[in-house]
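These numbers come from the heavy atoms of this one structure, side chains and all, not from hydrogens, waters or symmetry mates.
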Amino acid sequence: MKPSRSLPVSLRRSASGFVLVVALMLLVVLTILGISIMGTNTLNERMTGYLIDRQIALQAAEAALRDAERDLLFSGRIAGTTGFVAGCGNDGLCLPETDGTPLWADLESAGNLGWVAGADIPPSIPLGAYTHPPANLADLPAVAAAPRYIIEALTITGGSAGSLRTGFGPQSSHIVYRVTAVGFGRQTSTRVVLQALYKP
């Protein structure tokens with residue numbers, strides 16, 4: 001029988017110390033990898049949440065545009081330019097700015113809380129203020145504030161009523177309504193502004 005060889009005590013101690021160092025290094029690498037994966041997942045969740053919030057705000061702004069269209073066509077309060085005032089009245093009926101600045105931009109730069117944060121402050125008016133919106137407009141996802149809109153009456157001078165050409169025949173003017181709507185997401189900081197032209 002051969003005698004078994006055993007490593008000297010000093011060699012055994014250095015070998016176990018080396019394994020400990022390698023294990024600690026692997027643990028540090030795995031920890032760094034786990035933290036970076038968690039950071040990536042958090043960033044992805046934030047981006048997804050923002051996109052969902054923006055989509056909700058877009059739906060709300062579209063609902064406000066449809067509500068403004070119902071206001072123009074069916075509420076009976078809008079006829080020509082009657083009731084439209086410069087700088088907007090309290091009922092959301094506005095004449096366009098003479099300096100060419102969009103009216104909604106003026107409201108935003110002035111910090112109008114109705115336009116910027118959805119507070120019940122004129123001149124913008126909330127969804128359903130002058131209409132009874134159908135269920136599909138009222139069933140918006142949970143939003144931080146009701147969508148709002150303003151209506152501007154634009155007088156366009158052109159050719160005859162049936163012609164788009166200018167300079168031929170008698171001049172006539174047409175009224176076109178420009179609706180600007182703002183929708184909010186689950187937070188008022190997420191806002192979408194949409195605009196449409198209507199010629200009833």
Side-chain angles (χ1 to χ4, degrees), residues 43-97 99-156 174-200:
L43 180 63
N44 285 339
E45 284 179 19
R46 284 183 183 170
M47 289 187 335
T48 303
Y50 172 74
L51 289 175
I52 290 171
D53 208 21
R54 183 162 169 72
Q55 189 63 33
I56 290 171
L58 177 65
Q59 291 174 8
E62 286 178 347
L65 279 182
R66 299 299 149 255
D67 191 53
E69 184 178 10
R70 290 174 51 80
D71 188 5
L72 282 165
L73 297 176
F74 306 119
S75 71
R77 74 183 188 108
I78 298 171
T81 58
T82 305
F84 287 83
V85 296
C88 275
N90 289 340
D91 54 359
L93 303 180
C94 319
L95 290 174
E97 295 284 348
D99 63 358
T101 309
L103 194 60
W104 63 268
D106 286 347
L107 291 173
E108 194 164 302
S109 64
N112 179 280
L113 290 179
W115 191 257
V116 174
D120 196 15
I121 297 172
S124 61
I125 52 178
L127 176 98
Y130 293 99
T131 63
H132 301 289
N136 63 346
L137 289 181
D139 291 340
L140 288 171
V143 293
R148 305 180 70 83
Y149 63 89
I150 56 173
I151 302 173
E152 294 174 86
L154 309 174
T155 304
I156 299 172
H174 311 281
I175 297 173
V176 176
Y177 298 103
R178 179 170 57 196
V179 176
T180 308
V182 62
F184 302 93
R186 293 173 293 186
Q187 303 172 24
T188 55
S189 59
T190 306
R191 297 185 314 131
V192 171
V193 176
L194 296 177
Q195 198 170 70
L197 293 173
Y198 295 101
K199 186 177 183 303

Assess the side chains of T131 and R70: does a donor N or O sit below 3.5 Å from an acceptor N or O?
->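 No donor-acceptor contact under 3.5 Å links the two side chains.
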Just verifying a value: how many Å separate [X] [atom1] and [Y] [atom2], rounded to the nearest 0.5 Å?
X	Y	atom1	atom2	value
L65	Q195	CG	CD	9.0 Å
T81	I175	OG1	CD1	5.0 Å
D120	I125	CG	CD1	10.5 Å
L51	R54	CG	CZ	9.0 Å
I156	K199	CD1	NZ	9.0 Å
Y130	D91	OH	CG	5.0 Å

Quick one: closest heavy-atom pair of [X] and [Y], and the distance?
X	Y	result
A144	R186	CB-O, 3.5 Å
A57	G185	CB-N, 3.5 Å
P96	L154	CG-CD2, 3.5 Å
A61	L194	CB-CD1, 3.7 Å
A63	L127	O-CD1, 3.5 Å
Y177	A79	OH-C, 4.2 Å

Ring pair (Phe, Tyr, Trp, His ring centres under 6.0 Å) contacts in which one or both residues fall within residues 48-82, not counting sequence neighbours |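 Matches after skipping sequence neighbours: none remain.
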Could you name each residue pair satisfying ring pair (Phe, Tyr, Trp, His ring centres under 6.0 Å) that touches residues 106-127, not counting sequence neighbours?
->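 Qualifying pairs: none.
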Mind checking salt bridge (Lys or Arg N to Asp or Glu O under 4.0 Å) for E97 and listing every partner two or more places apart, or none if nothing turns up?
->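 Once residues adjacent in sequence are excluded, E97 has no partner under the salt bridge (Lys or Arg N to Asp or Glu O under 4.0 Å) criterion.
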What residues, two or more places apart in sequence or in another chain, satisfy salt bridge (Lys or Arg N to Asp or Glu O under 4.0 Å) together with D106?
->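 Partners of D106 under the salt bridge (Lys or Arg N to Asp or Glu O under 4.0 Å) test: none.
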Under the side-chain hydrogen bond (donor to acceptor under 3.5 Å, both in side chains) rule, collect the residues that match up with Q55, sequence neighbours excluded.
->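 side-chain hydrogen bond (donor to acceptor under 3.5 Å, both in side chains) check on Q55 returns nothing, list empty.
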All side-chain hydrogen bond (donor to acceptor under 3.5 Å, both in side chains) counterparts of R77, not counting sequence neighbours |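 With neighbours one apart ignored, the set is D71.
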Could you go through the side chain to side chain contact (heavy atoms under 4.5 Å, CB included) check for V182 and W104 one step at a time?
-> CA-CA 9 Å; V182 62; W104 63 268; over 6 Å; no
L103/T180 under side chain to side chain contact (heavy atoms under 4.5 Å, CB included): CA gap, chis, key distance, verdict = CA-CA 9 Å; L103 194 60; T180 308; over 6 Å; no
Intermediate values then yes/no, side chain to side chain contact (heavy atoms under 4.5 Å, CB included), V179 and E69 | CA-CA 8 Å; V179 176; E69 184 178 10; over 6 Å; no
With a 4.5 Å heavy-atom cut-off, do S189 and D53 have their side chains touching?
->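 The answer is no; the side chains never approach within 4.5 Å.
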